[in-house]
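Residues take their numbers from the sequence shown, with the count starting at 1. This one's a predicted model, so the numbers in the text were calculated from it and none came from an experiment.
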Amino acid sequence: QAQLVESGGGWVQSGASLTVSCVASGRARGLAAMAWFRHAPGKEREFVAAIRWIGGRTLIGDPAKDRFTISRDNARNTVWLQMRNLKPEDTAVYYCAAGSYMRRAPSEYDYWGQGTQVTISS
């Protein structure tokens, strides 16, 4: 079984912080890299950040610069995306993904979670 389960989305005011999490299992957990993407209505899926299970190297996309942090706990099979100073333009469905390498393109990832909605008001 391969599974990625996101949680932690919600509806918050501009300027607030929110952390979304993803628990990996099965074949999805066996791949080397985990990533966060977001998909807003009418827009393309956008790369946010990625991290390797071993060593913890990260690849940071434009949305994550200065405001978002990606982290992982290997023992808990969990990856987090900590988001700070949220803005209305951050509103999107946030997805976690698993792949063999850290990449910026969605097509490079083999497994995807169901997504968690993040809505920023004002």
Side-chain angles (χ1 to χ4, degrees):
Q1 297 181 350
Q3 193 171 23
L4 298 171
V5 180
E6 300 101 331
S7 62
W11 179 29
V12 298
Q13 294 282 333
S14 295
S17 297
L18 191 67
T19 299
V20 292
S21 63
C22 177
V23 178
S25 62
R27 294 183 183 182
R29 175 60 179 87
L31 298 179
M34 296 285 291
W36 286 99
F37 290 82
R38 66 186 188 183
H39 193 183
K43 299 181 179 180
E44 298 289 329
R45 275 181 294 174
E46 183 179 29
F47 174 77
V48 178
I51 191 167
R52 294 176 180 171
W53 289 110
I54 305 301
R57 287 187 179 185
T58 60
L59 181 66
I60 306 301
D62 289 341
K65 292 180 179 178
D66 300 321
R67 295 191 299 125
F68 297 177
T69 301
I70 188 169
S71 60
R72 91 284 192 238
D73 185 332
N74 290 23
R76 297 178 64 184
N77 303 316
T78 301
V79 176
W80 293 272
L81 181 69
Q82 181 182 354
M83 300 178 282
R84 301 173 295 276
N85 191 25
L86 285 161
K87 304 174 181 180
E89 52 263 42
D90 295 317
T91 294
V93 177
Y94 283 72
Y95 296 92
C96 66
S100 297
Y101 306 96
M102 291 197 297
R103 297 284 191 271
R104 297 178 185 270
S107 62
E108 297 292 340
Y109 291 84
D110 300 307
Y111 299 100
W112 292 82
Q114 79 287 352
T116 186
Q117 177 71 48
V118 173
T119 302
I120 315 302
S121 62
S122 298

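- In this structure, Tyr95 and Thr116 have side chains that are not in contact, with every pair of non-hydrogen atoms separated by 4.5 Å or more.
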Candidate pair Trp80 and Asp73, rule side chain to side chain contact (heavy atoms under 4.5 Å, CB included), full reasoning: CA-CA 9 Å; Trp80 293 272; Asp73 185 332; 3.6 Å; yes
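- In this structure, the separation between OG on Ser14 and NZ on Lys87 is 9.5 Å, given to the nearest 0.5 Å.
- By the side chain to side chain donor-acceptor pair (under 3.5 Å) test, Arg38 pairs with Glu46, Asp90, Tyr94, sequence neighbours left out.
- Within the structure, side-chain hydrogen bond (donor to acceptor under 3.5 Å, both in side chains) pairs that include any residue of residues 3-13 comprise Glu6-Gln114, Ser7-Ser21, Gln13-Ser121, Gln13-Ser122 (at least two apart or interchain).
- Remark: side-chain polar atoms of Arg72 are paired, donor with acceptor, to backbone N or O of Trp53 under 3.5 angstrom.
- Here the shortest heavy-atom pairing between Leu86 and Ser17 reads CD1-C, 4.2 Å.
- Val118 pairs with exactly one of Val20, Val12, Val93 by the side chain to side chain contact (heavy atoms under 4.5 Å, CB included) rule, that one being Val20.
- Met83 and Ile60 fall within the same hydrophobic cluster, where Ile, Leu, Val, Met, Phe, Trp and Tyr residues are linked whenever their side-chain heavy atoms come under 4.5 Å apart, directly or through other members.
- Annotation for Ala28 and Ala98: closest pair O-CB, 3.5 Å, computed over non-hydrogen atoms.
- Within the 4.5 Å cutoff, the side chain of Thr19 has no heavy atoms near those of the Leu81 side chain.
- Here the straight-line distance linking atom CG of Asn74 with atom CZ of Arg29 works out to 5.0 Å at 0.5 Å rounding.
- Residues that satisfy the salt bridge (Lys or Arg N to Asp or Glu O under 4.0 Å) test with Lys43, not counting sequence neighbours, are absent from this structure.
- Applying the ring-ring contact (aromatic ring centres under 6.0 Å, His included) test to every pair with at least one member in residues 103-122, sequence neighbours left out, gives these pairs: Phe37-Tyr109, Phe37-Trp112.
- Partners of Asp62 under the salt bridge (Lys or Arg N to Asp or Glu O under 4.0 Å) rule, at least two apart in sequence or in another chain, are Lys65.
- Counting only distance, with no hydrogens or angles, the side chain of Arg84 and the backbone of Arg67 share a donor-acceptor pair below 3.5 Å.
- Between Trp36 and Ile51, every side-chain heavy-atom pair lies at or beyond the 4.5 Å cut-off.
- Every residue meeting the side chain to side chain donor-acceptor pair (under 3.5 Å) condition with Gln117, not counting sequence neighbours, appears here in chain and number order: Thr119.
- Using modelled atom types, no side-chain atom of Thr91 and backbone atom of Glu89 make a donor-acceptor pair closer than 3.5 Å.
- One finds the CG atom of Leu18 at 6.5 Å from the CD1 atom of Ile120 (value rounded to the nearest 0.5 Å).
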Check the pair Thr58, Arg52 against side-chain hydrogen bond (donor to acceptor under 3.5 Å, both in side chains), reporting the backbone distance first and the verdict last. CA-CA 7 Å; Thr58 60; Arg52 294 176 180 171; over 6 Å; no
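- Proximity of Leu4 to Val23: side-chain heavy atoms (C-beta onward) are nowhere separated by under 4.5 Å.
- Looking only at side-chain heavy atoms (C-beta outward), Met34 and Cys22 come within less than 4.5 Å of each other.
- Considering only heavy atoms from C-beta on, Tyr101 stays 4.5 Å or farther from Glu108 through its side chain.
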